Each structure stands twice: as structure tokens, then as C-alpha cells.
Number of protein chains: 2
Amino acid sequence: MSLRHALLGLLSEGPASGYDLLKLFDESLANVWPATQSQLYGELGRLADAGLIVVLSEGARGRKEYAVTDTGRAELRHWLLEVKPVPVRRYDMLLRVFFFGQISEDDAIAYLGEQRQEAAEEADRLAELNETIAPYADNFAVYGRLALEWGLRSSRMYQEWAEWAINEVKAHDRTANPDSCKPD
Amino acid sequence: MSLRHALLGLLSEGPASGYDLLKLFDESLANVWPATQSQLYGELGRLADAGLIVVLSEGARGRKEYAVTDTGRAELRHWLLEVKPVPVRRYDMLLRVFFFGQISEDDAIAYLGEQRQEAAEEADRLAELNETIAPYADNFAVYGRLALEWGLRSSRMYQEWAEWAINEVKAHDRTANPDSCKPD
DNA sequence: CCCTGCATGTAATCCGTTACATGATTGG
DNA sequence: CCAATCATGTAACGGATTACATGCAGGG
């Protein structure tokens, strides 16, 4: 149920409409907790029903501006301080690695090479993003930078692992076929 | 839809029952793609309906032994070679970091310290697991080791990041309150 | 006047988790 | 004979994705 806390967190910096929040999500939280429009509006309704947020004002085109209530702020603090984060446990990419026995070693190496490449591109993308953030902006920028650094380190690690794994597969290949000789 | 491919992958090393597969899941795939018993039996039924697997034999206590069909093997290969892995994009732990503005800097540091600790424990756990795997066992062991190495590098990176982030928050604290002086 | 952007909602479907439910076999 | 293990299934619920559906307001 982290979407609700993400919304409470965003609203805790100031009132916003569903539309505003959707943009905030896409700008800042997309890399750690994506959400779709329909999910977002649904959750806002439920948050309002639960009294964690309220409609501050209604504007043009049915625009509703929401603000966090004290109950909502308390819930956010509770989640931040007392609820243990759930570690990620599903890696489509690694699952395939278990089944490398079903494809040729060349195909396995090609797969790992692609992963290496994607990780490198992700690292570049994040490094660039890092440049565009003003050094001392709002709270989101300051703390978002910590998350961004995580992404950078993560994609670098990913890249290095893929390089290491390619060599492992090649070594395994040589053990299995000691007479064959393939070019790099 | 990776559960289905995980099942096809496991079955591609030899026939097994739902019960067998459940144990295989918990032993080898739990860290990259967990599955519950009820999910597994449901998916086996759907795979059989779709003709990707067949019931080889029925044993005692209603035991059904499944085997992959050629269609199933083709589907597995297709998934391995042509379907791009979906990158993980939801990090409960990092989402909280964005909202550090809502808690005190000491609380933020405590949070990061816990994460550092958990990462260290995970690294130890995986290092130990690495020792228990026979050097040249079956395909799963050989390639599973690649995934395990990923986990090791990942938890080390996580740990180092948390240490770095703690210092960042402290530095930010000192910028905000230049006169205060806290013990480490 | 029309297109773009603002703005909100609903419905269908899938995947995953938790809990419930049941029964057969085997070893001590 | 009893407990542990083998073995399979169903039901309820929640969260996420995709697609559908609608309509207003402002600028060119």
C-alpha cells in the first residue's frame, strides 16, 4: 500500500490536484514508484474517504485541490518511521539466467551483453539527470538526489556484474569444450 | 507472466509434480521469483490447458507428474531469447527517502543505518549460501551462481550507498545548523 | 472554431497474497 | 495409531495495468 503514502508524501509539501500529483509522480517518483492515472484518482478518493486528505477547493474543469489532514500526516510519519520497507524480490532478468542451460552459450553471452548495454545507458541517463537538478532546491530535490545516487551505483554494479558474468560463461564454455577456439 | 516461464524452465530439466516444483522454487528461485503454492497449482492447470505441459503420470495421493511439451519448450526459448526483461521499478525503501523532509535528520540517519545493517546481513547470508553450492553441479547450480553473485554485489552496493547517504544527511544537517555539534 | 492541454473518472483483467479446506501415506 | 509430510485444490481480496469515456477552457 505504498501508493497512498507516496501521495501523502507529495501532498505534505503543499496542496495539489490529482492532475498535479500525476505530473509530480512522473517527474520525481517514476523511477522508484510508478503510478498510473487511474490508480491515482482511485486512491485519492479512498484517501479522502478515510479522512487522510481533504478537498481544499474546487476549481475550473472539476479540478479538486487536496491537502493532507493531521491524520494523514500522522499516517505518513508512522509509515516512514515504523513500517519496515519491503525488499524487492522479483527480477525477470535474473530468472532467465537460471535457464541459460536451455540456450547456447553464445546466446547467453549476447543476452548478458544486452543487459550490460542497458545498464550503461541507464547510468548515463541518471548521470545526466543528476546534472539538471539544482544543488539546493526543495526537499524532494535534496533527498531525491540520494535515491538518484542509488540508481547510479546500482546501474554501475549491474554493468560490472554483466561483464563478470560474460567472462564466467566463457570460462565455463572453455571447460566444456577445451578444443574449440572462438574469437572474442 | 514470468511465473509460467519459471515453471517451464524448471520442468525443462525433467518432469516434476506441483509439490516438487514448489520445493524447487523455494530452494533455488525464491530470491529472484518467489511464488506461493496456490499460484503455482493454478498456473500448472493453465499451462496444461494451453498445451505447454502435459501430465506424464498420476501417482499416489493424487500426485500428478508434469513434463514440458515441444510447444512449451519453444515458448521458453522464445521468452529467453526474444522477450526483453522488464526492469524492476518499485522500491519501497527509496520511496521513503524522498520524504525525509517529514522526519528529523536523526530519524533519517537511523533509517539509513537500519538499511545498511540489513544489507550487511543479506550479504553474509548470500556469501554463506555461495559456500554450500557444489562447484560443478547441475545447470541450475552453475547459472544460479551467476544470480547469486548479482545478489552479493547488490547487497554490498546497497550497504555502501547507505553509508554514503548517512554522511550526506549529516553534511546537510551541518549546513542547516552550523552551530550545533552532535556526537557520531 | 478547433486543437491542445487540463481534468476526472470507470470497467475489465491479471497477478499475487492469505487463508481456508481436504485427504492420503508413511515412519516411528 | 498418530504426527509429519505429501499432495492438491478453492475463495476472497487487493493492487496494478490497459483501455475506455467524457468534458471544459484557453490560445492561435
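Bear in mind the structure is a predicted one, so any value in this text is a computation, not a measurement. Order of the sequence lines sets the chain letters (A, B, ...), proteins ahead of strands, with each chain counted from 1.
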If you look only at distance, which donor and acceptor atoms sit under 3.5 Å apart when one is on a side chain in residues 68-75 of chain B and the other is two or more places apart or in another chain?
residue : atom : partner : partner atom : Å
B:T69   : OG1  : B:G51   : O            : 2.8
B:T69   : OG1  : B:L52   : O            : 3.1
B:T69   : OG1  : B:T71   : N            : 3.4
B:T69   : OG1  : B:G72   : N            : 3.1
B:E75   : OE2  : B:H5    : NE2          : 2.8

Exercise. Give the rounded distance in Å between these two atoms: CG of A:L22 and P of C:dA7.
Key: 11 Å

Quiz item: Should we say atom CD of B:E82 is surrounded by more than 12 heavy atoms from elsewhere, each under 6.0 Å from it?
Solution: yes

Quiz item: How close or far is atom P of C:dT8 from atom CG of A:L7, stated in whole angstroms?
Solution: 13 Å

Quiz item: Between atom CD in A:E58 and atom C1' in D:dG23, what is the gap in whole Å?
Solution: 16 Å

Practice problem: Kindly write out the residues that satisfy salt bridge (Lys or Arg N to Asp or Glu O under 4.0 Å) with A:R4, not counting sequence neighbours, or none if the list is empty. | Solution: A:E43

Quiz item: So, the side chain of A:S28 versus the backbone of A:F25: is there a donor-acceptor pair under 3.5 Å, distance only?
Solution: no

Practice problem: Verify, without hydrogens or angle tests, whether A:Y143 (side chain) and B:R96 (backbone) share a donor-acceptor contact under 3.5 angstrom. | Solution: no

Quiz prompt | Spacing between A:Y41 atom OH and D:dG23 atom C1', to the nearest angstrom | solution = 13 Å

Quiz item: Between the main-chain N or O of B:Q102 and the side-chain N or O of A:R77, is there a donor-acceptor pair closer than 3.5 Å?
Solution: yes

Exercise. Look at the side-chain N and O atoms of A:K64 and state whether any lies under 4.0 Å from the OP1 or OP2 oxygen of C:dG9.
Key: yes

Below 3.5 Å, can you tabulate the donor-acceptor pairs from side chains in residues 158-168 of chain A to any protein atom, sequence neighbours excluded?
residue : atom : partner : partner atom : Å
A:Y158  : OH   : A:Q115  : OE1          : 3.0
A:W161  : NE1  : B:L146  : O            : 2.9

Quiz item: Starting at CZ of A:R63 and ending at P of C:dA7, how long is that distance when rounded to a whole Å?
Solution: 5 Å

Self-check item: For atom OH of A:Y66 and atom C1' of C:dG9, their distance in whole Å
Solution: 10 Å

Polar-atom pairs under 3.5 Å, protein N or O versus N or O of nucleotides 24-28 of chain C: list them with distances, or write none.
none

Quiz prompt | Between P of C:dC15 and CG of A:D92, the distance in whole Å | solution = 13 Å

Quiz item: Going by the salt bridge (charged side-chain N to carboxylate O under 4.0 Å, His left out) test, which pairs reach into residues 10-39 of chain B, not counting sequence neighbours?
Solution: B:D20-B:R63

Quiz item: Hey, would you say the A:F98 and B:W33 ring centroids sit under 6.0 Å apart?
Solution: no

Pairs: protein N or O with nucleotides 11-20 of chain D N or O, under 3.5 Å:
residue : atom : partner : partner atom : Å
D:dA16  : OP2  : A:Q39   : NE2          : 2.3
D:dA16  : O5'  : A:Q39   : NE2          : 3.0
D:dA16  : O3'  : B:R90   : NH2          : 3.4
D:dT17  : OP1  : B:R90   : NH2          : 3.4
D:dT17  : OP2  : A:Q39   : OE1          : 3.4
D:dT18  : O4   : A:S38   : OG           : 2.5

Exercise. Let me know the distance between CG of A:L40 and C1' of C:dG9, rounded to the nearest Å.
Key: 12 Å

